[in-house]
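Report on one structure; see the data block that follows.
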2 protein chains.
Amino acid sequence: MAKFSTIKQHLYSKIASGEWPEHHPVSSENALAQQFKVSRMTARRALQELADEGLVIRSKGSGTYVAPIKSQTSFMAIRNIADEVRSRNHDYRAHVHVLRKEAATAHVAELLQLDAGKPVYHSVITHFENDLPVQVEERYVNPELVKGYLSQNYEEITPHEYLCEVSPLTEASHEIEAITPSPQLCQWLKLSKPEPCLRINRRTWSAAGVVTFAVLTHPGSRFSLGGHLHFGSARA
Amino acid sequence: MAKFSTIKQHLYSKIASGEWPEHHPVSSENALAQQFKVSRMTARRALQELADEGLVIRSKGSGTYVAPIKSQTSFMAIRNIADEVRSRNHDYRAHVHVLRKEAATAHVAELLQLDAGKPVYHSVITHFENDLPVQVEERYVNPELVKGYLSQNYEEITPHEYLCEVSPLTEASHEIEAITPSPQLCQWLKLSKPEPCLRINRRTWSAAGVVTFAVLTHPGSRFSLGGHLHFGSARA
DNA sequence: TAGTGGTCTAGACCACTTT
DNA sequence: AAGTGGTCTAGACCACTAT
């Protein structure tokens with residue numbers, strides 16, 4: 001393994017383990033150069049790449065610090081929260097609050113294109129990044145299209161992963177809004193008082209019809225959505 | 001300007017102008033080092049950053065080549081708020097709060113890839129839908145790339161429309177978050193008390209570099225972002 | 001004033017691809 | 001064999017921050 005890569009791994013583990021929490025100072029270029037017996041330019045590269053990845057913040061004259069957790073995810077891809085958290089070298093875990101069959105309310109029935117009163121599968125899961133809740137996922141699933149939904153362990157596999165496995169997605173719609181969370185949501189997100197939250201409403205289709213409807217709620221202070229676009233002709 | 005940055009600009013122009021089309025070989029590290037009278041490490045940095053940005057592909061032992069055009073279609077178009085309001089058959093109007101030249105703060109300078117203290121153009125505009133504020137647009141513009149920015153009437157044409165006319169956009173990045181508006185923003189949005197707002201931070205590039213940085217704030221109660229995504233066939 | 005990150009140099013060796 | 005990119009060194013000067 002390249003030397004700069006070894007240093008990156010060392011720093012990754014400090015950050016991912018929580019030994020260095022947010023804003024904690026990271027070893028300086030000179031310190032790393034001495035510690036790993038490399039030139040400053042090599043130590044520098046490790047730090048620079050971590051900064052490019054958003055894991056640390058570098059401040060001229062001051063030093064390098066562990067970046068605050070503020071997730072940024074591609075808003076164009078259909079996202080899997082677990083993969084995203086792990087891609088930032090953070091710990092991921094989930095807690096299942098609700099997982100059961102219910103009778104569809106009029107609202108849910110309309111969104112899933114079913115008749116009101118018909119059974120639907122309902123789940124509520126909190127997703128954690130380094131033990132901090134970053135998303136509450138409230139989801140309704142069409143039981144006719146995903147028969148095995150209730151018998152999965154959603155602390156091991158995300159609903160998104162399972163649904164992708166059993167039902168190829170053909171279409172999705174999103175709505176993004178800013179809301180004040182309900183007391184129930186505050187509890188699930190472990191917010192002591194309400195703060196603005198980013199809400200994504202998503203419906204997903206397969207060839208057979210609406211598969212699932214999800215309401216994803218993220219605390220504004222812990223999450224943002226990002227995207228990057230390139231246009232066709234005269235690229236730069 | 002830093003030397004590696006000068007070299008990047010030179011390469012940008014070759015690629016954006018079409019002088020070097022897709023797959024065209026890019027000058028090697030050694031060639032650039034000689035041409036610009038810099039060390040190889042400095043020439044290398046310019047090429048490496050272009051590769052990180054996805055503009056060129058580097059191939060060990062072979063060389064560096066202009067990257068093929070990305071066909072990344074987004075379900076979120078670059079939006080023009082005036083067109084959107086009018087497409088809903090509602091009245092549109094705008095009010096200009098600020099339109100002037102300022103010295104770039106460190107933050108603004110970084111986002112526009114300029115030096116701090118350099119002049120930038122700054123505008124703040126509230127956009128109304130049926131006389132209700134739906135967006136505050138705070139915008140900073142690179143004055144070198146858009147010389148006529150300050151002399152437009154932004155109650156007739158939106159900054160977005162004007163910028164599209166004078167500078168073909170090649171790239172954009174978005175960040176979407178939920179925030180609590182500042183008192184100043186509440187005033188501009190005519191909110192009697194703060195409510196969660198949807199914020200879109202957008203940077204836009206042309207071939208010559210960062211053209212503009214916009215912060216768009218929408219009251220949560222009056223706005224949501226929607227998108228529809230089809231898989232398997234490219235659709236907006 | 002000492003420490004930090006930002007930039008840059010002029011070399012070096014290596015693995016790889018092309019000719 | 002010649003050229004390319006990938007890695008690395010041991011210095012250097014600068015601007016900035018903290019004390």
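Just so you know, these numbers come straight off a predicted model, no measurement behind them. So you know, we letter chains A, B, ... as the sequences are listed, proteins then strands, and number each from 1.
- Put simply, A:S62 has no side-chain N or O that comes within less than 4.0 Å of OP1 or OP2 on D:dT17.
- Contacts of A:R45 with the nucleic acid, taken as non-hydrogen atoms under 4.0 Å apart, involve only primed sugar atoms and P, OP1 or OP2.
- When the side-chain nitrogen and oxygen atoms of B:K3 are compared with OP1 and OP2 of C:dT9, one or more of them lie within a distance under 4.0 Å.
- Here D:dT7 presents its C1' atom at 17 Å from CZ of A:F36, a figure rounded to the nearest Å.
- Between B:R40 and C:dA10 there is no side-chain polar atom (N or O) within less than 4.0 angstrom of OP1 or OP2.
- For the pair A:K8 NZ and D:dC8 P, the computed distance is 12 Å after rounding to whole Å.
- Residues A:V38 and A:G61 both approach DNA chain D. Their nearest nucleotides, taken by heavy-atom distance, put A:V38 toward the 5′ side.
- Proximity of B:Q48 to the phosphate of D:dG6: a side-chain N or O atom is located under 4.0 Å from OP1 or OP2.
- Side chains of B:H24 and B:Y65: no donor on one and acceptor on the other come within 3.5 Å.
- Checking the phosphate oxygens (OP1, OP2) of D:dT4, no side-chain nitrogen or oxygen of B:S59 falls inside 4.0 Å.
- OP1 or OP2 of C:dG6 sits under 4.0 Å from a side-chain N or O of A:R58.
- Rounded to whole angstrom, the span from the CG atom of A:N30 across to the C1' atom of D:dA12 amounts to 13 Å.
- One atom, CD1 of B:I7, and another, C1' of C:dT7, lie 12 Å apart when rounded to the nearest Å.
- A donor-acceptor pair shorter than 3.5 Å can be found between the side chains of B:T212 and B:R139.
- A:K14 NZ to A:Q9 CD: the interatomic distance, rounded to the nearest 0.5 Å, is 14.0 Å.
- For A:M41 and D:dT7, the CE to P distance is 13 Å, given to the nearest whole Å.
- Atom CD in A:E29 sits roughly 11 Å away from atom P in C:dT7 (whole-Å rounding).
- Rounded to whole Å, atom C1' of D:dG5 lies 10 Å from atom CG of B:L47.
- Under the 3.5 Å distance criterion, with hydrogens and angles disregarded, no donor-acceptor pair is assigned to the side chains of B:Q113 and B:N142.
- Applying the 4.0 Å criterion to OP1 and OP2 of D:dT9, one finds that A:T42 has a side-chain N or O inside that range.
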_Is there a ring pair (Phe, Tyr, Trp, His ring centres under 6.0 Å) between B:Y154 and B:Y149? Walk through the geometry before answering._
CA-CA 10 Å; B:Y154 292 116; B:Y149 186 72; 5.0 Å; yes

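- Comparing D:dT7, C:dG5, C:dC8 against the side chain of B:R44 picks out D:dT7 as the nearest.
- Atom-to-atom, CZ of A:F4 to C1' of C:dC14 comes out at 14 Å; the value is rounded to the nearest Å.
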